[in-house]
Number of protein chains: 2
Amino acid sequence: MPQSGKSVTLKDLAAHAGVSRSTVSLVLQESPLVADSTRTRVMAAVEALGYVYNRGAATLRSARTATLGVVVHDIANPFFGAMVAGIDDTLQNADHVSFLASSGDDPARQARLVTRLREQRIDALLLCPAENTSSSLLDTLDRCGLPCIEVMRHVGETPRGHYVGADIRAGLARAVSHLVEQGHHRIALLTGAGHSSADRERMAGYQQAMETAGLVPDIRTGRHDLTRRAGLERTLEIMAEPVPPTALICHNDLMALGALLALARLNLTPGLDCAVIGIDDSDEAALSEPALSSIATHPHAIGRAAAELALQCLDHPGLEPQHLVLETSLHLRASADHFLHRSREPL
Amino acid sequence: MPQSGKSVTLKDLAAHAGVSRSTVSLVLQESPLVADSTRTRVMAAVEALGYVYNRGAATLRSARTATLGVVVHDIANPFFGAMVAGIDDTLQNADHVSFLASSGDDPARQARLVTRLREQRIDALLLCPAENTSSSLLDTLDRCGLPCIEVMRHVGETPRGHYVGADIRAGLARAVSHLVEQGHHRIALLTGAGHSSADRERMAGYQQAMETAGLVPDIRTGRHDLTRRAGLERTLEIMAEPVPPTALICHNDLMALGALLALARLNLTPGLDCAVIGIDDSDEAALSEPALSSIATHPHAIGRAAAELALQCLDHPGLEPQHLVLETSLHLRASADHFLHRSREPL
DNA sequence: GAACGCATTTGGATCGATCCAAAAAGATGA
DNA sequence: TCATCTTTTTGGATCGATCCAAATGCGTTC
């Protein structure tokens, strides 16, 4: 229990338990080779001396660090909060840990972060790439053999390595056809400027769904970021047009919630005067007033899947690139449904 | 530029640049001892071979890792998103990195996370302790000499080591006196169950402010967590009472936003029928409808201050415990001000 | 009792950087 | 030219764990 000065090492444990360093090492690795009596003696020493395993030293000799890097482009976005929770749950079960960093959608900062993570000798990288990430970043990772899993976004037209995402395209198709059934013709998509694959996928999925329905696509991109404030401001602009859309599909729930605020400010009732559908189905969606319809992307499940895939990569180094596209589902609430709306008393 | 097989080491750099390992090491440490010509030759080798510094190996010999651990109790809370951004900004300037982990307010999980972080040989720990954290955790950290900075919450009645927080007490005093000026008498506080120092500080500050104003405190705690949903449900309950309060001060903005939703559902107008004030002044506060009044806690500044304090601890090992309590300010918006409310058209 | 098989345990080399005392290379003055 | 002082550079020991080949102990069997 004492030990205030220097740190306790394997050698100290060995002396305390009356065995060699090697044996102690075997015990710590949970090797089946050691006798039970020895194991308990060593574990007692660990307790008695307050030993803390030195991963850095171990890493020097053995190849793995049991540490993954996670880089997201916006930690403040609740989607990533939930995703990170999914990753951590999975890693915790597998006795791994993660380094989390946020790039703020800046490729230069992202590059620095990745370098730092490599210095820590992470075993694999889960990357939600910043907009305009150069493919040379992935080249570098390939070249030095660091497994990388792109999540939600990918660099280039199609993911070249492992990828985990959500089937936004199918979600949009369902959303558009629901809106059409409700009688909407002027359905607009409010998304980012197309610098990320997630933007492009939303645009393509929406466009295809609109064409299938025989409607004219109406894509509103902008230099805005993808926040509540951007949704608010952009919607105020849009609704001021001579012939505004009657339905808005937004890049994510944050923007959609901003759109609801804009409608409220304009004294329009979301769901009656203008339908709004978000993407992600965050916790807030169900709680807003009126409740927000949303395409659920299940961030927790995506985090789990990405972490599991990363762990697989470690066990099977040659694994050919996996593309996991998880299902989405449309959660209809008052913001985009006349009937649901009527079933509640009006504001 | 090649290097696909093994990793590049100091020795490879030394061979490529025609110097010894030691010299290369000095260059990487930016020592002033090496000649400029040598330095450029070595840096060229770093570029040419795609060398990545091995922090683990360095750590084995030298005491420091340039890595801090950050443990928060709820990464999904936007307060901590902003705080972590503040920490990272500061660390980035100082060439340090952070390991971020979220305890989910579970002391057992928190203990595991701290152990993992210690295995990584972090230089210091920034801890927003989980509820009911035992002080033995801090004892252990002390004993092994790991500097720890408690942030926003502290274990025990008063922080025993370094602490960085916000002056919630002053914020509450200002909030209460504003509400009194507006003619409120029944002002309730909606907060956590008192398992954390942050809960207790809110209760004490509120109680004192109420007594100063000659009013009867009305504290509503609960087994609820501190989310939007909890704020919604609790407010629905409270407003159903025979003589409900006319003003609510909520533990944080999330709960306050939930309270606004509850009022809307009850067809009550926040700011006119019942005033609501949150704590944190998150981005969302200004955007809600009506806009939420809030006591600003400046999470980004708190993150910066905590990180700076941690860096100071590293430079000055004996530093006596610092208690930094940052100012708060009351941001008044329509949710708690008759006048502001009248200046906008009604819902 | 020697030989064998099996379950455990062990010492020494090793990973990639840092530290340190000491050597080498230049610069200066007598 | 040689001693002296600086400025640079260097080899070997070292950090704390892992790996591996070899040693040990012990019960069986011939």
Side-chain angles (χ1 to χ4, degrees), chain A residues 3 5-43 45-46 49-67 95 116 118-123 144, chain B residues 3 5-43 45-46 49-67 115-116 118-123 144:
Chain A
Q3 290 315 102
K6 298 300 340 175
S7 83
V8 183
T9 76
L10 273 200
K11 207 151 102 184
D12 303 322
L13 291 183
H16 192 275
V19 293
S20 72
R21 285 176 359 257
S22 305
T23 304
V24 175
S25 175
L26 290 174
V27 171
L28 294 180
Q29 291 170 77
E30 315 201 348
S31 157
L33 290 177
V34 291
D36 280 351
S37 62
T38 312
R39 185 189 316 281
T40 49
R41 210 140 29 90
V42 170
M43 293 313 284
V46 167
L49 302 182
Y51 171 74
V52 176
Y53 186 72
N54 186 331
R55 270 211 147 78
T59 300
L60 203 47
R61 203 61 245 274
S62 68
R64 305 217 343 214
T65 56
T67 305
D95 243 323
R116 285 274 174 281
R118 291 178 61 202
E119 291 180 359
Q120 305 285 348
R121 289 296 187 269
I122 53 172
D123 290 335
C144 65
Chain B
Q3 291 314 101
K6 299 300 340 176
S7 82
V8 184
T9 76
L10 271 200
K11 208 153 101 184
D12 303 321
L13 290 184
H16 190 277
V19 293
S20 72
R21 287 178 354 262
S22 305
T23 305
V24 176
S25 175
L26 290 174
V27 171
L28 294 180
Q29 290 171 76
E30 314 199 349
S31 157
L33 290 178
V34 291
D36 281 351
S37 63
T38 312
R39 184 191 315 282
T40 50
R41 211 140 29 92
V42 170
M43 293 313 285
V46 168
L49 302 182
Y51 172 75
V52 176
Y53 186 72
N54 187 330
R55 270 210 147 78
T59 300
L60 200 49
R61 201 67 240 278
S62 68
R64 306 216 341 213
T65 55
T67 305
T115 301
R116 286 271 175 283
R118 290 179 61 203
E119 291 181 358
Q120 304 286 349
R121 289 294 187 271
I122 52 171
D123 290 334
C144 65

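Proteins get letters first, then strands, A, B, ... in listed order; numbering begins at 1 in each.
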Figure out the [atom1]/[atom2] separation between [X] and [N], and round it to whole Å.
| X | N | atom1 | atom2 | value |
| --- | --- | --- | --- | --- |
| A/R64 | D/dT18 | CZ | P | 14 Å |
| B/L49 | C/dG16 | CG | P | 14 Å |
| A/E119 | C/dT18 | CD | P | 11 Å |
| A/R41 | C/dT9 | CZ | C1' | 11 Å |
| A/K11 | D/dG16 | NZ | P | 8 Å |
| A/R39 | C/dT9 | CZ | C1' | 14 Å |
| B/L28 | C/dA17 | CG | P | 8 Å |
| A/Y51 | D/dG16 | OH | P | 10 Å |

Applying a 4.0 Å non-hydrogen cut-off, can you work out what [X] is touching in the nucleic acid: base, sugar-phosphate, or nothing?
| X | value |
| --- | --- |
| B/T9 | sugar-phosphate |
| B/T23 | base |
| A/T38 | sugar-phosphate |
| B/R21 | base |
| A/V24 | nothing |

Q: Among the candidates D/dT10, D/dA17, C/dT18, find the nucleotide nearest to the side-chain atoms of B/L26.
A: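 Ranking D/dT10, D/dA17, C/dT18 by closest atom to the B/L26 side chain puts D/dT10 first.
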**Q.** Nearest-neighbour nucleotide for the A/S20 side chain, D/dA17, C/dT18, C/dG11 considered
**A.**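 My answer, after comparing the listed nucleotides, is C/dG11.
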Q.
For the backbone of B/Q120 and the side chain of A/R55, can you confirm whether one donor and one acceptor N or O come within less than 3.5 Å of each other?
A.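 No.
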Q) Phosphate oxygens OP1/OP2 of D/dA17: is one of them under 4.0 Å from a side-chain N or O of A/S25? A)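 Looking at the OP1 and OP2 atoms of D/dA17, neither is under 4.0 Å from any side-chain N or O of A/S25.
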Q) Just to confirm, is there a sub-4.0 Å distance from OP1 or OP2 of D/dC19 to any side-chain nitrogen or oxygen of A/Q29? A)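 For A/Q29, the contact criterion (side-chain N or O under 4.0 Å from OP1 or OP2 of D/dC19) is met.
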**Q.** Nearest-nucleotide comparison on DNA chain D, the residue closer to the 5′ end among B/V34 and B/R121
**A.**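 By nearest-heavy-atom nucleotide position, the 5'-most residue is B/V34.
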Q: Starting from the 5' end of DNA chain D, give me the residue, A/N54 or B/G18, whose nearest nucleotide shows up first.
A: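 The 5'-side residue here is B/G18.
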Q. Which pair of non-hydrogen atoms, one from A/R21 and one from A/K11, has the smallest distance, and what is that distance?
A.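 That would be CG-CA, 4.1 Å.
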**Q.** Non-hydrogen atoms of B/H16 and B/A45 that approach each other most closely
**A.**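 So the minimum-distance heavy-atom pair works out to ND1-CB, 3.4 Å.
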Q. Between B/T23 and B/S20, do the side chains contain an N or O donor and an N or O acceptor separated by less than 3.5 Å?
A.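 Result is yes, a qualifying pair exists.
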Q. A/L10 versus A/Y51: any side-chain heavy-atom pair under 4.5 Å?
A.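 SC-SC contact between A/L10 and A/Y51 confirmed.
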Q: Could you go through the side-chain contact (heavy atoms from CB on, under 4.5 Å) check for B/L49 and B/L13 one step at a time?
A: CA-CA 8 Å; B/L49 302 182; B/L13 290 184; 3.9 Å; yes
Q: By nearest nucleotide on DNA chain C, pick out whichever of B/S62 and A/A35 is the more 5' one.
A: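 This one resolves to A/A35.
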Q | 5' precedence on DNA chain C between A/L33 and A/S22 (nearest-nucleotide basis) | A |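 Going by which nucleotide is closer to the 5' end, it is A/L33.
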Q: Check whether the side chain of B/R61 and the base of D/dG16 form a donor-acceptor pair under 3.5 Å.
A: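 No, no donor-acceptor pair under 3.5 Å.
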